[in-house]
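See structure below.
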Amino acid sequence: MSLSTLRARVIAATTEQPAVDATVQTLTEDTKGSIPAQLHASAQAEGDEAADMALSWLERYGDDFEKALPSHIDVKAFLSAVRAALPGLVYCTPASLRQALLTCARFGLVPDGYHAVIVAEGRTAAFIPMAQGYIKLMMNTGEVGTVRRGMIYENDDWNYEPTAPSPLDFTHKPNLLGDRGKPILAYAFCWMKSGERSQVELISQAEAEAIRDEHSQLYRRAEDNGKKDSFWHTHFEQMWAKSPVLRLHKTVGVSAEVIALRRVEAAGDAGEVQIIHAPAEEIHLQAEADEAHERAEESQDPQDARTRPLPRKGVARKRSQPKRTSRRTRKGIRR
């Protein structure tokens, strides 16, 4: 096949067959399955057409995404969010791109730049959950009511007294009428459904840089090779703002899904396969079944349901025990 046109190059680069098991597929370099460098060069000027072709290729795996996504997220809406990022990902191997998107889908997140992003780390596509993605999963636990987060700028009005009772220990009033100055602190805290408020987590720029330097292998590699193109380089303030949200797990009980999300992010930062740490589709199905069961119970409860306990689920009835023969009777029938 001639590679004289962009369409032909995309078709040639994306003719690999679907993996038998996408969960365990490795991210190996393969000239047949990788998008060639010339496609990346052409996509600089023809990004829309490249994105359309790549999206058409991804739609071949629509069934895989539909199985991975929770039922309330439409696979077409998910892929539509993907399209905007595709021109910058055409240099990535198709295998890594598919796995990054499947990992994102299994957590029920959309790569819209708000809940999550898919970025190119060399020729590997990586899934990076954003602060709002973590917040969404934290609120799915049913214990967290709201999560407040923000940035404090040098001209804002704020106060933090750890020894004062909450919520008087922390206040923040943004300066909306003038120059707010430079950001100086990122913060996050939770209001629990019980009415209690969590500890306030504050992180300065110096602390965020220390977290980056210690934990991000991608940042160190980008520094060493001089490219300085890691997500910490290009979106430092967003990563800084996410750091106090991640620290909330020390004071707020989080679900296994949130812990898995952190493992997935760490695996991506280390250049490892992320999808093996992601939850299976069955977890979403079970969660949706539980939610539907709870809604059905609530719809049948009388008005005073809040004051009486819900019926216990899955409690088997006690079997009737056979009548025991008294010791005297047993003794009388012995021979």
| said: For the CZ atom of Arg83 and the CG atom of Leu89, what is their distance to the nearest 0.5 Å? | reply: 12.5 Å
| task | Would you give the length of the straight line joining atom CG of Leu101 to atom OH of Tyr61, rounded to the nearest 0.5 angstrom? | result | 12.0 Å
| task | Spell out, yes or no, whether Phe107 and Met138 are grouped together once hydrophobic residues are joined by side-chain heavy atoms under 4.5 Å, including indirect joins. | result | yes
| message | Go through it in stages, so that I can follow the logic: the residues are Val144 and Ile135, the test is side-chain contact (heavy atoms from CB on, under 4.5 Å), and I'd like the CA-CA distance, side-chain angles, deciding distance and then a yes or no. | response | CA-CA 9 Å; Val144 177; Ile135 291 172; over 6 Å; no
| said: Looking at Gln274, is its backbone amide N or carbonyl O close enough to the side chain of His277 to form a donor-acceptor pair, meaning the two atoms are under 3.5 Å apart? | reply: no
| query | Should Leu109 and Val75 be counted in the same cluster of Ile, Leu, Val, Met, Phe, Trp and Tyr side chains packed under 4.5 Å apart? | reply | yes
| remark: Across all chains, not counting sequence neighbours, the side chain to side chain donor-acceptor pair (under 3.5 Å) partners of Arg220 are none
| query | Do Asp269 and Ser216 have side-chain N/O donor and acceptor atoms under 3.5 Å apart? | reply | yes
| Rounded distance (nearest 0.5 Å) linking atom CG of Leu102 with atom CG of Leu69 | 8.5 Å
| Of all heavy-atom pairs between Asn175 and Gly178, which one has the smallest distance, and what is that distance? | OD1-N, 3.4 Å
| remark: Members sharing Val119's hydrophobic cluster, built from side-chain contacts under 4.5 Å between Ile, Leu, Val, Met, Phe, Trp and Tyr, are Val117, Ile128, Met130, Met151, Tyr153, Ile203, Ile211, Tyr219, Phe231, Trp232, Phe236, Met239, Trp240
| task | Output all residues satisfying ring-ring contact (aromatic ring centres under 6.0 Å, His included) with His115, sequence neighbours left out; order by chain, then residue number. | result | none
| request: Grab the two heavy atoms, one from Val264 and one from Thr103, that are nearest each other, plus how far apart they are. | output: CG1-CG2, 3.6 Å
| task | Find the distance between OG (Ser243) and CD (Glu209) and round it off to the nearest 0.5 Å. | result | 11.0 Å
| task | Any pair with a residue in residues 107-116 that passes salt bridge (charged side-chain N to carboxylate O under 4.0 Å, His left out), sequence neighbours left out, goes on the list, sorted by first then second residue, please. | result | none
| message | Please find the pair of heavy atoms, one from Phe127 and one from Ala100, that lie closest to each other, and give the distance. | response | CB-O, 3.7 Å
| Within-4.5 Å side-chain heavy-atom neighbours: Tyr134 and Val147 | no
| salt bridge (charged side-chain N to carboxylate O under 4.0 Å, His left out): pairs with one or both residues in residues 181-196, sequence neighbours excluded | none
| For Asp74, salt bridge (charged side-chain N to carboxylate O under 4.0 Å, His left out) partners two or more places apart | none
| task | Please report the shortest heavy-atom distance between Ala186 and Ala241, naming the atom on each side. | result | CB-CA, 4.0 Å
| message | Please list all pairs meeting salt bridge (charged side-chain N to carboxylate O under 4.0 Å, His left out) that have one or both residues in residues 143-155, counting only residues at least two apart or in different chains. | response | none
| task | Please confirm whether the backbone N or O of Lys173 pairs with a side-chain atom of Asp157, one donor and one acceptor, at under 3.5 Å? | result | no
| message | Just to verify, what does Asp156 make a salt bridge (charged side-chain N to carboxylate O under 4.0 Å, His left out) with, not counting sequence neighbours? | response | Arg180
| request: Return the set of residues passing side chain to side chain donor-acceptor pair (under 3.5 Å) with Glu66 (not counting sequence neighbours), or none when no residue passes. | output: none
| Heavy-atom closest contact (Gly88 atom, Ala120 atom, distance) | O-CB, 3.9 Å
| message | How close do Ile118 and Cys104 get, counting heavy atoms only, and between which atoms? | response | CD1-CB, 4.4 Å
| Connected via hydrophobic side-chain network under 4.5 Å: Phe170 and Met192 | no
| message | Would a single hydrophobic cluster contain both Ile275 and Leu79, if residues Ile, Leu, Val, Met, Phe, Trp and Tyr are joined by side-chain heavy-atom contacts under 4.5 Å? | response | yes
| query | In the hydrophobic clustering that connects Ile, Leu, Val, Met, Phe, Trp and Tyr at side-chain heavy-atom distances below 4.5 Å, which members other than Leu218 occupy its cluster, ordered by chain and number? | reply | none
| query | Are Tyr114 and Ile73 joined in one hydrophobic group, where the rule is that I, L, V, M, F, W and Y side chains link up if heavy atoms are under 4.5 Å apart? | reply | no
| query | Would you say Ser198 and Leu248 make side-chain contact, with heavy atoms under 4.5 Å? | reply | yes
| message | Which residues pass the salt bridge (charged side-chain N to carboxylate O under 4.0 Å, His left out) test with Arg197, not counting sequence neighbours? | response | Asp169
| field | Qualifying salt bridge (charged side-chain N to carboxylate O under 4.0 Å, His left out) pairs, either residue in residues 232-246, two or more places apart | value | Lys242-Glu265
| Within the side chain of Lys227, is there an N or O that forms a donor-acceptor pair under 3.5 Å with the backbone of Gly122? | no
| remark: Only residue of Trp158, Tyr187, Phe189 satisfying ring-ring contact (aromatic ring centres under 6.0 Å, His included) with His172 is Tyr187
| query | How long is the span from the CD1 atom in Ile184 to the CG atom in Asn155, to the nearest 0.5 Å? | reply | 9.0 Å
| said: Let me confirm one number: the CG-CD distance from Leu185 to Glu207, rounded to the nearest 0.5 Å. | reply: 8.0 Å
